[in-house]
Protein chains: 2
Amino acid sequence: MKTVHKEHTLTKNQQIIFDLIDKSPEPMKAYSILFNVQKKGIKAPLQVYRALDKLVEIGKIHKIESRNAFIACHNSSCQMANATAFSICEICEKVTEISSAGLSKYLANFKDKDGMKYSKYNLEFFGLCKKCKVK
Amino acid sequence: MKTVHKEHTLTKNQQIIFDLIDKSPEPMKAYSILFNVQKKGIKAPLQVYRALDKLVEIGKIHKIESRNAFIACHNSSCQMANATAFSICEICEKVTEISSAGLSKYLANFKDKDGMKYSKYNLEFFGLCKKCKVK
DNA sequence: TTACATCTTGTTATATTATAACAATCTAAA
DNA sequence: TTTAGATTGTTATAATATAACAAGATGTAA
Ligand SMILES: [Zn+2]
Ligand SMILES: [Zn+2]
Ligand SMILES: [Zn+2]
Ligand SMILES: [Zn+2]
């Protein structure tokens with residue numbers, strides 16, 4: 001079993017798309033990404049989806065499932081690819097990746113009725129962000 | 001503020017669609033639902049989506065976000081509408097709603113870095129179900 | 001170097017999931 | 001009974017995602 005982390009050198013398309021998502025202040029949707037990278041020669045949805053799939057796989061980005069949108073990982077990548085948690089503001093749609101040792105420990109150790117453990121999970125919290133709460 | 005739970009009498013379309021999902025052994029997708037209820041006079045996607053929206057809202061069913069599929073709630077409905085947890089088998093796609101007082105307590109009390117609490121959440125665990133583990 | 005496998009790309013077409021807009025009908029409560 | 005709100009039926013369209021296939025790049029292994 002491999003335990004060494006392979007260095008993932010991003011391909012051209014992957015790099016272009018990662019850079020775009022990484023500097024976006026909010027999660028980006030696939031077709032918005034497509035629109036934004038057309039000037040760089042990426043013309044078809046499939047080119048975008050292929051890059052997204054790979055970036056998700058290697059943990060550079062995460063998919064916000066309830067929003068069909070993608071956000072760059074800010075938890076030292078890769079490590080968290082399979083165990084993610086986010087807070088989502090229901091008013092302004094601000095999304096923040098949650099990095100809590102306590103939470104990840106709790107979830108990684110959680111056992112269901114049958115005593116099953118799950119190393120992969122995705123958790124999305126919904127509520128109001130600080131700003132929206134004040135208003 | 002209302003604290004009394006309104007009895008939600010389902011409308012015809014809602015009842016037809018809920019019955020279908022409720023007796024399905026696996027989560028159902030919208031267009032599969034549509035196909036299955038066409039003989040009962042529900043002909044258009046929108047009729048299905050409207051019923052699904054309502055059923056989700058009142059907690060009779062839940063959406064499995066990572067699968068775009070819907071499953072009937074077996075946790076005494078409603079109560080859990082906004083705080084859901086599921087285990088999903090990555091091989092056979094079996095989905096089970098998790099009903100754990102400990103888990104829901106932990107998540108309902110979880111505070112993020114800013115001390116924010118979130119009463120709504122959706123958690124999806126991924127792994128192998130009992131059957132698939134043996135194989 | 002050559003040959004081979006594998007990965008990545010480009011491209012067209014198509015499948016799947018979901019909503020917009022509007023008119024008609026039903027339902028509940030004032 | 002009137003009226004507001006919810007629900008329905010319908011057509012059209014938007015948004016999200018994948019299939020299929022050919023061509024090019026990359027990296028081993030003889
Ligand atoms: Zn991350
Ligand atoms: Zn907000
Ligand atoms: Zn439930
Ligand atoms: Zn299974």
Side-chain angles (χ1 to χ4, degrees), chain A residues 2 4 6-21 24 26-58 60-71 88 93 95 122 124, chain B residues 2 4-21 24 26-71 88 93 95 122 124:
Chain A
K2 267 190 204 170
V4 180
K6 187 189 168 193
E7 261 316 310
H8 288 283
T9 314
L10 301 185
T11 64
K12 184 168 65 86
N13 288 1
Q14 288 162 11
Q15 190 70 58
I16 290 169
I17 287 172
F18 174 73
D19 288 345
L20 179 66
I21 297 172
S24 167
E26 63 213 17
M28 293 195 73
K29 310 199 119 202
Y31 277 73
S32 157
I33 292 168
L34 175 58
F35 179 80
N36 278 277
V37 297
Q38 278 180 328
K39 45 185 172 272
K40 304 219 173 185
I42 296 175
K43 290 171 187 164
L46 198 42
Q47 295 176 285
V48 172
Y49 280 105
R50 283 198 280 228
L52 290 174
D53 284 351
K54 192 66 179 184
L55 291 168
V56 166
E57 184 192 325
I58 64 181
K60 299 281 290 181
I61 66 173
H62 303 302
K63 181 171 186 182
I64 310 301
E65 293 286 357
S66 66
R67 300 297 187 261
N68 297 317
F70 300 85
I71 191 175
I88 303 173
E93 291 291 326
V95 173
N122 180 57
E124 298 180 4
Chain B
K2 266 188 204 169
V4 180
H5 275 231
K6 188 191 169 194
E7 260 319 307
H8 288 282
T9 313
L10 301 185
T11 64
K12 183 170 65 89
N13 288 1
Q14 288 162 12
Q15 189 69 56
I16 290 169
I17 287 172
F18 174 73
D19 288 344
L20 179 66
I21 297 172
S24 168
E26 64 213 18
M28 293 194 74
K29 311 199 115 201
Y31 278 71
S32 155
I33 292 167
L34 175 57
F35 178 81
N36 278 277
V37 296
Q38 278 181 327
K39 46 184 172 270
K40 304 219 173 183
I42 296 175
K43 289 173 189 164
L46 200 42
Q47 294 175 287
V48 172
Y49 280 104
R50 284 198 281 229
L52 290 175
D53 284 352
K54 193 65 180 185
L55 290 169
V56 166
E57 184 191 326
I58 64 180
K60 299 282 289 181
I61 65 173
H62 304 303
K63 182 174 185 180
I64 310 300
E65 292 287 356
S66 66
R67 300 299 188 260
N68 297 317
F70 300 85
I71 192 177
I88 302 173
E93 292 291 325
V95 173
N122 180 55
E124 297 179 5

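A note on names: the letters A, B, ... follow the listed sequences, proteins ahead of strands, and every chain is numbered from 1.
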Could you tell me how far apart [X] ([atom1]) and [N] ([atom2]) are, to the nearest whole angstrom?
X: L52(A); N: dT8(C); atom1: CG; atom2: C1'; answer: 15 Å
X: L10(B); N: dT27(C); atom1: CG; atom2: P; answer: 14 Å
X: Q38(B); N: dG9(D); atom1: CD; atom2: P; answer: 13 Å
X: I42(B); N: dT10(D); atom1: CD1; atom2: P; answer: 12 Å
X: I17(A); N: dA17(D); atom1: CD1; atom2: P; answer: 14 Å
X: L34(A); N: dA14(D); atom1: CG; atom2: P; answer: 16 Å
X: M28(A); N: dA15(D); atom1: CE; atom2: C1'; answer: 15 Å

query: Can you find a pair of side-chain heavy atoms, one from L20(A) and one from M28(A), that are under 4.5 Å apart?
result: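 Yes, close enough: below the 4.5 Å cut-off.
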- prompt: Under a 4.5 Å cut-off applied to non-hydrogen side-chain atoms, are K54(A) and L10(A) in contact?
  reply: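 The answer is no; the side chains never approach within 4.5 Å.
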task: Using side-chain hydrogen bond (donor to acceptor under 3.5 Å, both in side chains) as the criterion, list what pairs up with D19(A), not counting sequence neighbours.
output: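 Result, side-chain hydrogen bond (donor to acceptor under 3.5 Å, both in side chains) vs D19(A): Q15(A).
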field: Partner set under side-chain hydrogen bond (donor to acceptor under 3.5 Å, both in side chains) for T11(B), not counting sequence neighbours
entry: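 side-chain hydrogen bond (donor to acceptor under 3.5 Å, both in side chains) check on T11(B) returns Q14(B).
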- request: State the NZ-CD1 distance between K63(A) and I71(A), to the nearest 0.5 angstrom.
  value: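 These two atoms lie 14.0 Å from each other.
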Quick one: which protein N/O atoms are closer than 3.5 Å to N/O atoms of nucleotides 5-8 of chain D? Pair and distance per line, please.
unit_1 : atom_1 : unit_2 : atom_2 : d
dT8(D) : OP1    : T11(B) : OG1    : 2.9

What pairs of donor and acceptor atoms, side-chain ones from residues 31-50 of chain A against any protein atom, are under 3.5 angstrom apart with sequence neighbours left out?
unit_1 : atom_1 : unit_2 : atom_2 : d
N36(A) : ND2    : S32(A) : O      : 2.7
K39(A) : NZ     : N36(A) : O      : 3.4
Q47(A) : OE1    : K43(A) : N      : 2.9
Q47(A) : OE1    : A44(A) : N      : 2.9

Polar atom pairs (N or O), protein with nucleotides 18-20 of chain C, under 3.5 Å:
unit_1  : atom_1 : unit_2 : atom_2 : d
dA18(C) : OP1    : K63(B) : NZ     : 2.7
dA18(C) : OP2    : Y49(B) : OH     : 3.1
dA18(C) : N7     : Y31(B) : OH     : 2.8
dA18(C) : N6     : Y31(B) : OH     : 3.2

message: So which atom in I61(A) and which in F18(A) form the shortest heavy-atom distance, rounded to 0.1 Å?
response: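 Residues I61(A) and F18(A), closest heavy atoms: CG2-CD1, 3.8 Å.
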query: What pair of heavy atoms forms the shortest contact from I21(B) to F70(B), and how long is it?
result: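 Heavy atoms only, the tightest pair is CG2-O, 3.7 Å.
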message: For a quick test of reading the model: is some side-chain N or O of K29(A) closer than 4.0 Å to OP1 or OP2 of dT16(D)?
response: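 Yes.
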- request: Can you pull out how bent the helix from dT1(C)-dA30(D) to dA30(C)-dT1(D) is, comparing the axes over its first five and last five pairs, to 10°?
  value: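 Both end axes considered, the difference amounts to 40°.
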message: Could you work out, with side chain to side chain contact (heavy atoms under 4.5 Å, CB included) as the rule, every residue matching I88(B), not counting sequence neighbours?
response: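 Residues passing side chain to side chain contact (heavy atoms under 4.5 Å, CB included) with I88(B): I64(B), S66(B), R67(B), E93(B), V95(B), E124(B), F126(B).
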